[in-house]
Each structure stands twice: as structure tokens, then as C-alpha cells.
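Just below is one structure, and these are the notes that go with it.
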Amino acid sequence: MDNEIDVPPFFLCPISLEIMKDPVTVSTGITYDRESIETWLFSGKNKTFSVTKQQLSSSDFFDLTPNHTLRRLIQ
């Protein structure tokens with residue numbers, strides 16, 4: 001008997017590929033798990049967003065909007 005649950009792909013963070021705990025949307029409209037995108041942004045190694053490859057601006061580091069709807073769906 002298979003007890004695995006099918007997880008919708010939009011519940012998964014595009015960086016970690018794990019179910020998001022604290023989904024936030026960035027200026028590009030893509031939603032990431034807060035911990036993953038903050039690590040991505042503040043590592044200093046990345047000059048673009050992971051999915052869209054758009055250039056990061058200084059405001060992107062602070063413009064993380066909580067995605068409450070997605071969080072409720074995941075819960």
C-alpha cells in the first residue's frame with residue numbers, strides 16, 4: 001500500500017524543491033520559501049533570481065511579500 005501524498009508542484013520552493021513553510025513572493029512574481037530565497041539573496045554569490053534569471057536590485061533584498069493564500073493552502 002502506497003502512503004505517499006501527491007504534493008502539487010506549486011507547493012514546492014523552486015530553490016530547495018521542498019514544501020514551503022513560509023512562502024514569500026518577490027518582485028518577479030515568483031514565490032519561494034523565505035529561508036531559501038533569503039539564503040540565495042544574501043549569499044553574495046547570486047546576481048540574478050534563480051527562476052527568471054532577472055538581475056537583482058538592492059530593493060529586491062527587502063521586497064519579500066508573504067503569500068498568505070499559498071501558506072493556508074499548504075497547511
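- Other residues, nucleotides and ligands place more than 12 heavy atoms under 6.0 Å from the CD atom of Glu38.
- Between Asp22 and Arg71 there is a salt bridge, since at least one side-chain N of the basic residue sits less than 4.0 Å from a carboxylate O of the acidic one.
- For the atom pair Met20 CE and Ser36 OG, the distance stands at 9.5 Å (nearest 0.5 Å).
- Rounded to the nearest 0.5 Å, atoms CD1 (Ile37) and CG (Leu64) are 7.0 Å apart.
- Distance alone, capped at 3.5 Å, is enough to place a donor-acceptor pair between the Asp33 side chain and the Lys21 backbone.
- Taking CH2 from Trp40 and OG from Ser16, the interatomic distance works out to 12.0 Å, rounded to the nearest 0.5 Å.
- Atom CG in Leu41 sits 11.0 Å away from atom CZ in Arg34 (nearest 0.5 Å).
- Annotation: side-chain contact (heavy atoms from CB on, under 4.5 Å) contacts of Phe11 (sequence neighbours excluded): Val7, Pro8, Leu70, Leu73, Ile74.
- With values rounded to the nearest 0.5 angstrom, Tyr32 atom OH is found 13.0 Å from Asn67 atom CG.
- Counted by atom type alone, Thr25 and Thr31 present one or more donor-acceptor pairs between their side chains at under 3.5 Å.
- With a 4.5 Å cut-off on side-chain heavy atoms, Leu12 and Ile19 count as touching.
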